[in-house]
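Presented below is the structure to which this report refers.
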Amino acid sequence: MGIKVYNTLTRRLENFEPFEDNFVKMYVCGPTVQDVAHLGHARTYIAFDAIIRFLEYRGYRVFYVRNITDVGHIREESGRDRILEGADREKLEPMELVDKYMLMFFEDMDALKLRRPNIQPRATMHILDMIEMTKSLIEKGYAYEVDGNVYFDVSKFPDYGKLSGIKYEELIKHRIEPDPRKRNPADFALWKKAEKGYLLKWPSIWGEGFPGWHIECSVMSMKYLGPQIDIHGGGQELILPHHENEIAQSEAFTGKKPFVKYWLHTGYLTIAGEKMSKSLGNFVTIREVLKKYDADAIRFFVLSSHYRSNIDYNEEAIKRAADAIDKIKSTLRELYYEKEDARAGHDEMASNVCTEMKRRFIEAMEMDFNTPEALSVLHELIRKANAYLSSKTTTIAGIDAYYNTILELCNSIGLLQGFKPETEINNLTASGILQILLNIREELRKRGMYDLSDRIRESLKEVGIIIEDTKEGQRVRLKR
RNA sequence: GCCGGGGUGGCCGAGCAGCUAGGCGGCGGCCUGCAGAGCCGCUCUACUCGGGUGCAAAUCCCGACCCCGGCUCCA
């Protein structure tokens with residue numbers, strides 16, 4: 001059937017067909033590393049991670065670039081630079097600050113078990129490329145220099161607004177006072193002159209300065225992926241002006257359209273209904289959440305909404321996600337245990353159920369990566385697997401079918417990476433002392449000395465080891 | 001002001017013309033020494049409001065109301 005994606009550029013669902021067969025060139029806008037990453041960042045990068053993994057699961061090869069923005073960008077209303085503000089705040093050199101938070105960002109991404117990008121280029125390592133591109137845009141007549149600043153002339157690019165749908169009349173009536181040196185209020189900076197005393201600056205033919213915000217993504221995308229790419233992603237707030245400007249610069253520079261075939265944008269992570277953001281101060285950092293919930297729980301939470309919708313973060317929602325993950329693990333564990341007692345032979349029923357569930361899961365994911373629907377199929381599969389276990393008519397083939405299908409589908413969107421009940425269990429039972437306790441407890445239960453056997457169960461629970469009594473004997477697992 | 005995206009059962013959240021979404025919570029039953037886990041059933045024909053077009057509308061059209069976001073740094 002093939003994958004369909006919603007393209008912000010056309011505002012409709014399109015068949016996904018990369019420029020080159022099964023090779024996908026993908027760029028996602030990375031963070032400005034001036035502070036600790038929060039759950040809003042996690043939302044976007046997890047969503048794209050699931051998309052990438054699913055594409056790979058379906059046989060695509062994905063070359064993934066995500067940048068690091070380590071050049072400060074001036075906030076027009078305050079005239080201040082975010083990285084310099086951070087450096088002031090923490091009494092660090094600007095590059096020292098950037099290094100610190102970049103490394104922390106990498107740690108967070110790893111802790112969330114995200115597939116690493118093939119390249120994570122830093123803006124500061126591409127200043128020369130940005131200067132070159134800016135020069136070329138001036139030569140081609142798309143940009144002009146005034147007093148050490150270079151602006152892109154929006155009037156020279158008639159396609160401007162095609163991504164965001166903004167109209168020219170709207171564009172020129174800005175809400176904040178535009179720089180009077182611009183020819184047109186809609187023009188945006190490619191290069192800014194550094195005022196005296198400004199720390200982050202580089203020499204150029206226009207004098208000392210620093211690049212405009214948008215140029216870095218154009219440069220790094222084209223440098224590592226070529227003039228035209230398949231997918232460019234980011235949060236919805238980047239559509240205008242960031243992505244709109246990227247299109248203008250890049251297409252003006254190469255003359256090739258489209259710069260990006262499919263534009264994908266994620267919804268916001270909200271908290272109490274409002275967008276989580278640095279400036280509102282209503283953020284929760286990734287590492288804070290990771291102290292209480294693991295990567296799977298956070299991922300499940302994110303994927304239980306569609307990537308284009310907003311998700312509201314609250315304790316209850318993430319708790320539910322963590323419970324859902326536990327439930328899946330518990331079923332996998334049961335399947336693992338049951339395999340020992342299962343009969344040999346074929347199991348057409350089980351295998352048919354698994355094939356059908358897998359088909360429906362893939363179908364949901366192929367429809368613009370509908371993870372909530374895919375997860376509902378996964379839930380159904382779990383329920384069917386549990387019912388199968390209850391039926392007591394299990395075969396090794398049937399157990400394998402359920403076990404492998406569940407794990408395969410989870411892995412296809414990055415859930416339960418590396419999960420192995422056998423190692424989890426072996427590690428536990430490998431402990432000789434635990435085994436002795438279990439043996440004693442079994443004996444006590446045979447003799448009906450439940451007060452003592454329950455005490456052992458309770459005490460082990462206190463140290464994080466859960467014992468569950470079943471007809472087949474005691475089962476052990478670790479508390480979350 | 002202009003431009004987007006929304007309003008679905010107690011809560012979360014898919015569906016976007018006809019076919020049980022799913023989860024959580026609650027209730028009842030089964031299983032169990034108890035606990036846990038699980039199974040079965042019910043809660044559940046719910047879709048902001050008012051018109052309209054269809055044999056048929058949560059889904060399409062028109063009009064209200066409300067929420068969130070972009071137009072300023074932002075994933």
Side-chain angles (χ1 to χ4, degrees), chain A residues 8 11 28-32 34-35 37-48 66 69 72-78 80-83 85 161 164-167 169-171 173-176 186 213 233-242 244 265-270 273-280 283 300-301 304-306 308-312 314 316-317 319-321 323-324 326-327 330-331 333-334 360 364 367 370-380 382-383 385-391 445 448-451 453-454 457-458 461 466-471 475 477:
Chain A
T8 310
R11 312 258 165 203
V28 171
C29 286
T32 304
Q34 96 239 276
D35 209 335
H38 58 67
L39 213 53
H41 299 103
R43 191 271 152 97
T44 292
Y45 302 129
I46 290 171
F48 284 116
R66 184 181 60 210
T69 297
H73 297 294
I74 303 273
R75 312 165 71 144
E76 287 198 34
E77 92 285 13
S78 68
R80 296 174 70 200
D81 172 315
R82 304 169 74 199
I83 286 175
E85 274 181 356
S164 61
I166 194 164
K167 295 190 201 83
E169 310 82 71
E170 281 306 316
L171 206 59
K173 52 176 177 182
H174 261 194
R175 295 208 309 188
I176 55 167
W213 172 35
Q236 270 170 11
E237 74 276 19
L238 299 178
I239 296 172
L240 186 70
H242 187 57
E244 194 71 74
H265 292 97
T266 52
Y268 306 110
L269 182 89
T270 62
E274 284 193 312
K275 183 185 168 193
M276 180 178 287
S277 77
K278 206 77 226 174
S279 40
L280 287 171
F283 60 92
F300 197 98
F301 162 69
S304 59
S305 284
H306 184 86
R308 284 190 280 114
S309 307
N310 293 352
I311 324 175
D312 199 61
N314 55 66
E316 198 201 328
K319 173 78 168 51
R320 269 205 302 255
D323 287 346
D326 273 358
K327 187 169 169 169
S330 156
T331 298
R333 227 178 263 123
E334 288 300 318
R360 285 176 49 199
M367 191 51 91
N370 193 334
T371 52
E373 187 156 341
L375 292 179
S376 90
V377 175
L378 185 64
H379 273 122
E380 268 188 66
I382 294 293
R383 186 155 37 76
N386 285 331
Y388 180 66
L389 286 166
S390 301
S391 75
R445 290 180 69 234
M449 298 167 76
Y450 296 118
D451 53 340
S453 70
D454 287 356
R457 188 169 63 192
E458 282 308 304
K461 191 176 170 185
I466 311 284
I467 295 185
E468 290 174 358
D469 292 309
T470 72
K471 269 188 214 152
R475 290 187 179 174
R477 68 186 169 91

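We use all heavy atoms of the structure for the numbers below, so side chains are in, but hydrogens, waters and symmetry mates are not.
Listed by chain and residue number, nothing satisfies the side chain to side chain donor-acceptor pair (under 3.5 Å) test with Arg383(A) (two or more places apart in sequence, or in another chain). Ala374(A) is linked by a side chain to side chain contact (heavy atoms under 4.5 Å, CB included) to Phe361(A), Ala364(A), Met365(A), counting only residues two or more places apart in sequence or in another chain. Contacts of Lys167(A) classified as side chain to side chain contact (heavy atoms under 4.5 Å, CB included), with partners at least two apart in sequence or in another chain: Glu169(A). Residues forming a side chain to side chain contact (heavy atoms under 4.5 Å, CB included) with Lys327(A) (at least two apart in sequence, or on another chain): Ile382(A). The side chain to side chain donor-acceptor pair (under 3.5 Å) check on His306(A) picks up Asp368(A), with sequence neighbours excluded. By the salt bridge (charged side-chain N to carboxylate O under 4.0 Å, His left out) test, Glu458(A) is found to be paired with no residue, residues two or more places apart in sequence or in another chain being considered. With sequence neighbours excluded, the residues forming a side chain to side chain donor-acceptor pair (under 3.5 Å) with Lys278(A) are Asp35(A), listed by chain and number. In this structure, the side chain to side chain contact (heavy atoms under 4.5 Å, CB included) partners of Asn314(A), at least two apart in sequence or on a different chain, are Asp312(A), Glu316(A), Ala317(A).
Taking atom CG of Asp35(A) as the reference point, atom P of rC73(B) lies 18 Å away to the nearest angstrom. Asp323(A) places its CG atom 7 Å from the P atom of rG25(B), with the value rounded to the nearest Å. One can place CZ of Arg445(A) at 14 Å from P of rG36(B), the figure rounded to the nearest angstrom. For the pair Tyr268(A) OH and rC68(B) P, the interatomic distance rounds to 13 Å; values are reported in whole Å. Atom CG in Leu389(A) sits roughly 17 Å away from atom C1' in rC30(B) (whole-Å rounding). For the pair Leu280(A) CG and rA75(B) C1', the computed distance is 14 Å after rounding to whole Å. Remark: P of rG36(B) and CD1 of Ile466(A) are 12 Å apart, rounded to the nearest angstrom. With rounding to whole Å, Met276(A) atom CE is found 18 Å from rC73(B) atom C1'.
Spacing between rC71(B) and rC11(B) at atom P, rounded to whole Å, works out to 32 Å. Of the C1' atoms belonging to rC24(B) and rC44(B), the separation is 14 Å, rounded to the nearest Å. Spacing of P atoms, rC65(B) relative to rG50(B), comes out at 15 Å, to the nearest Å. For the P atoms, the distance linking rG7(B) with rG13(B) amounts to 10 Å, nearest Å. rG6(B) and rU59(B) are spaced 13 Å apart, taking the P atom of each and rounding to whole Å. Comparing the same atom, P, in rA14(B) and in rG5(B) gives a spacing of 16 Å after rounding to whole Å. Going from the P atom of rU32(B) to that of rA21(B) covers 34 Å, rounded to whole Å. rA58(B) and rG9(B): their P atoms are spaced 14 Å apart (whole Å).
Listed pair His379(A) / rG22(B) fails the phosphate criterion, with no side-chain N or O lying under 4.0 Å from OP1 or OP2.
With salt bridges taken as basic N to acidic carboxylate O contacts below 4.0 Å, none links Asp323(A) and Arg320(A).
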I need a per-nucleotide contact map over nucleotides 6-20 of chain B, read 5' to 3'. Cutoff is protein heavy atoms under 4.0 Å; write B for the base, S for backbone only, - otherwise. -----BSSSS-----
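Nucleic acid contact class of Gly448(A) (heavy atoms, under 4.0 Å, all strands): none. Contacts of Phe48(A) with the nucleic acid, taken as non-hydrogen atoms under 4.0 Å apart, are absent. Residue Lys275(A) is in base contact, counting any heavy-atom pair closer than 4.0 Å across all strands shown. Contact annotation for Gly40(A): base contact, defined as any heavy-atom pair under 4.0 Å involving a base atom. Here Leu375(A) lies out of heavy-atom contact (under 4.0 Å) with every strand. Looking at heavy-atom distances under 4.0 Å, Lys167(A) makes contact with sugar-phosphate atoms alone, never a base. At a threshold of 4.0 angstrom between heavy atoms, the contacts of Leu240(A) are confined to the sugar-phosphate backbone, with no base atom among them. Residue Gln236(A) is out of contact with every strand shown, counting any heavy-atom pair closer than 4.0 Å.
Stem regions annotated for RNA chain B: B:1-7 with B:65-71, B:10-12 with B:22-24, B:25-30 with B:38-43, B:48-52 with B:60-64, counting only runs of 3 or more consecutive pairs of Watson-Crick or G-U type with both contacts under 3.5 Å.
Residue-to-nucleotide contacts include a donor-acceptor pair under 3.5 Å from the side chain of Arg457(A) to the base of rA35(B). The base of rG33(B) is paired with the side chain of Asp454(A) by a donor and an acceptor separated by under 3.5 Å.
Side-chain contact between Phe301(A) and Leu269(A): present, with at least one pair of heavy atoms (C-beta onward) separated by less than 4.5 Å. A heavy-atom distance below 4.5 Å is found between the side chains of Met276(A) and His38(A). For the pair Arg360(A) and Glu380(A), the minimum side-chain heavy-atom distance is below 4.5 Å. Side-chain atoms of Glu237(A) and Lys275(A), non-hydrogen and from C-beta on, do get closer than 4.5 Å to each other.
Looking only at distances, a side-chain donor or acceptor of Thr270(A) sits under 3.5 Å from a matching main-chain atom of Ile311(A).
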What N/O pairs connect the protein and nucleotides 42-44 of chain B at under 3.5 Å? Give each pair on its own line.
none

Do any N or O atoms of the protein come closer than 3.5 Å to N or O atoms of nucleotides 37-40 of chain B, and which pairs are they?
residue, atom, partner, partner atom, Å
rG38(B), O3', Asn386(A), ND2, 3.2
rG38(B), O2', Ser390(A), OG, 3.2
rC39(B), OP1, Asn386(A), ND2, 3.3

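In this structure, Gly165(A) and Thr470(A) both approach RNA chain B, and ranking their closest nucleotides by distance from the 5' end singles out Gly165(A). Nucleotides of RNA chain B nearest to Gln34(A) and Arg11(A) differ in position, and the one nearer the 5' end is that of Arg11(A).
Nearest to the side chain of Ser453(A), among rG23(B), rG33(B), rA75(B), sits rG33(B). Between rA35(B), rG69(B), rA75(B), one nucleotide has an atom nearer to the side chain of Asp469(A) than all others, and that is rA35(B).
Aromatic ring orientation, Tyr45(A) versus His41(A): parallel (interplanar angle below 30°, classes split at 30° and 60°).
With a glycosidic angle further than 90° from 0, rG36(B) counts as anti.
We find the CZ-CG distance between Arg333(A) and Asp326(A) to be 7.5 Å, quoted to the nearest 0.5 Å.
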Glu468(A) and Arg477(A): side chain to side chain contact (heavy atoms under 4.5 Å, CB included), yes or no, with the steps? CA-CA 8 Å; Glu468(A) 290 174 358; Arg477(A) 68 186 169 91; 3.1 Å; yes
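No aromatic stack links Tyr45(A) and the base of rA75(B), using centre distance under 5.5 Å and interplanar angle under 30°.
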